[in-house]
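Worth knowing before you read on, the calculation uses all heavy atoms, side chains too, and leaves out hydrogens, waters and symmetry mates. All values reported here derive from a predicted model rather than from experimental measurement. Position 1 is the first residue of the sequence; numbering continues from there.
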Amino acid sequence: MSIVNLSDITISPMTKDDIEDITKIEAEAYGKHHWAKSSFYDEMSNNLARYYVAKTSSGETVGYAGTWHIIDEGHITTFAVKKDYLRNHIGEAIMQRIIDDCYKDNIKYLTLEVRVSNMPAIKLYEKYGFQSLGTRKGYYQDNNEDALIMWTENIFYDKFKSVYKKNKDALFCN
């Protein structure tokens, strides 16, 4: 595991130049049932899509995520951090970028699916106010695992904003 300081990480919009690195992380995170390179290229021309990459100060791509902004909903479509960089709060920093951009675009709710066995991800999502509101049976093709369907309340509500501010302040004070 590589240890990295979050001050050495930048999160920026994904470009076509990032796709090669992203697909390697995607394959590492999701095995043989991962998104194809062509899917990421397609997303670059999707007006609803917002994709982000996390890079070290040396330019190494260490994480990414994507959302679709549909009316007032942000659907997180894919999210992964390079295995060597897990537990460095990179995923949390990406989540904060997603939420910040949702505020800018007047997106009120966030939703996603996550493997029922992916407890680190579930804990991160719960930390940011996501709640499990259902299950998609057999959602994952590689092993037929179920997915939790998770949603936030309205991110403009004071309760959500308070939790978000607390988490954001804590992440960058460390």
Q: Looking at every non-hydrogen atom in both residues, tell me the closest pair between Gly129 and Phe160 and how far apart they are.
A: CA-CE1, 4.4 Å

Q: Report the residues that fulfil side-chain contact (heavy atoms from CB on, under 4.5 Å) with Lys166, sequence neighbours left out, ordered by chain and then residue number.
A: none

Q: Quick one, Glu60 and Asp84 - any side-chain contact, counting heavy atoms below 4.5 Å?
A: no

Q: Taking side-chain hydrogen bond (donor to acceptor under 3.5 Å, both in side chains) as the test, write out the residues that go with Tyr51, two or more places apart.
A: Glu43, Thr77

Q: Output yes when a side-chain donor or acceptor of Tyr41 lies under 3.5 Å from a complementary backbone atom of Ala36, and no otherwise.
A: no

Q: With side chain to side chain contact (heavy atoms under 4.5 Å, CB included) as the test, would you mind laying out the steps for Ile11 and Val53 before giving the verdict?
A: CA-CA 5 Å; Ile11 298 168; Val53 294; over 6 Å; no

Q: Taking salt bridge (Lys or Arg N to Asp or Glu O under 4.0 Å) as the cut-off, I'd like each qualifying pair that reaches into residues 9-19, sequence neighbours left out, listed once.
A: Asp18-Lys55

Q: Please enumerate all residues that pass salt bridge (charged side-chain N to carboxylate O under 4.0 Å, His left out) together with Lys108, with sequence neighbours excluded.
A: none

Q: So, taking the atom named OG1 in Thr67 and the one named CG in Asp101, what distance separates them when rounded to the nearest 0.5 Å?
A: 7.5 Å

Q: From Arg115 CZ over to Asp146 CG, what is the distance, rounded to the nearest 0.5 angstrom?
A: 10.5 Å

Q: Are the side chain of Thr111 and the backbone of Met150 linked by a donor-acceptor contact shorter than 3.5 Å?
A: yes

Q: Any chance you could lay out the side chain to side chain contact (heavy atoms under 4.5 Å, CB included) test for Glu20 and Lys24, step after step, and finish with the verdict?
A: CA-CA 7 Å; Glu20 190 69 37; Lys24 290 176 186 171; 4.1 Å; yes

Q: Using the side-chain hydrogen bond (donor to acceptor under 3.5 Å, both in side chains) criterion, which residues pair with Gln131? Sequence neighbours excluded.
A: none

Q: To the nearest 0.5 Å, what is the distance between OH on Tyr30 and CD1 on Ile25?
A: 11.0 Å

Q: Suppose we screen for salt bridge (charged side-chain N to carboxylate O under 4.0 Å, His left out). Which residues come up paired with Glu153, at least two apart in sequence or across chains?
A: none

Q: Got a sec, which residues hit side-chain hydrogen bond (donor to acceptor under 3.5 Å, both in side chains) with Asp105, two or more places apart in sequence or on another chain?
A: Arg50, His69

Q: Can you tell me if Thr23 uses its side chain to pair, donor with acceptor, with the backbone of Lys37 under 3.5 Å?
A: no

Q: Using a 3.5 Å cut-off and no angle test, enumerate the donor-acceptor pairs between side-chain atoms of residues 117-125 and protein atoms at least two apart in sequence or in another chain.
A:
unit_1 : atom_1 : unit_2 : atom_2 : d
Ser117 : OG     : Glu145 : OE1    : 3.3
Ser117 : OG     : Glu145 : OE2    : 2.6
Asn118 : OD1    : Ala121 : N      : 3.2

Q: Where is the tightest heavy-atom contact between Glu28 and Lys83, given as atom of each residue plus distance?
A: OE1-N, 2.8 Å

Q: Where do Gly63 and Ile94 come nearest, in terms of heavy atoms and distance?
A: C-CD1, 3.9 Å

Q: Using a 4.5 Å cut-off between side-chain heavy atoms of Ile, Leu, Val, Met, Phe, Trp and Tyr, which other residues end up in the same hydrophobic cluster as Tyr157?
A: none

Q: Which salt bridge (Lys or Arg N to Asp or Glu O under 4.0 Å) pairs, counting each pair once, include a residue from residues 70-80, with sequence neighbours left out?
A: none

Q: Start with the C-alpha distance between Met95 and Leu171, add both sets of side-chain angles, then the distance that settles side chain to side chain contact (heavy atoms under 4.5 Å, CB included), and finish with yes or no.
A: CA-CA 12 Å; Met95 176 60 73; Leu171 183 64; over 6 Å; no

Q: For Tyr103 and Ile155, what are the C-alpha separation, side-chain angles and deciding distance, and is it a side chain to side chain contact (heavy atoms under 4.5 Å, CB included)?
A: CA-CA 8 Å; Tyr103 279 125; Ile155 68 172; 3.7 Å; yes

Q: Look up atom CD1 in Ile19 and atom OH in Tyr64, then write down how far apart they are to the nearest 0.5 Å.
A: 11.5 Å

Q: Run through the side-chain heavy atoms of Ile, Leu, Val, Met, Phe, Trp and Tyr, join any pair under 4.5 Å, and report what else lands in Ile149's cluster.
A: Tyr109, Leu133, Trp151

Q: Taking side-chain hydrogen bond (donor to acceptor under 3.5 Å, both in side chains) as the test, write out the residues that go with Glu92, two or more places apart.
A: His89, Lys127, Tyr128

Q: Could you state the interatomic distance from CE (Met44) to CE (Met14), rounded to the nearest 0.5 Å?
A: 4.5 Å

Q: Indicate, with yes or no, if Ile76 and Ile107 share a hydrophobic cluster defined by side-chain heavy-atom contacts under 4.5 Å among Ile, Leu, Val, Met, Phe, Trp and Tyr.
A: no

Q: Which is it for Ser58 and Thr56 under the side chain to side chain donor-acceptor pair (under 3.5 Å) test, yes or no, and what are the steps along the way?
A: CA-CA 5 Å; Ser58 66; Thr56 64; 2.9 Å; yes

Q: Output the distance between atom CZ (Phe79) and atom CG (Leu112), rounded to the nearest 0.5 Å.
A: 9.0 Å

Q: Any carboxylate oxygen within less than 4.0 angstrom of a Lys/Arg side-chain nitrogen, looking at Asp100 and Arg97?
A: no

Q: Considering non-hydrogen atoms only, spot the tightest contact between Ile90 and Ile9 and give its length.
A: CD1-CD1, 4.2 Å

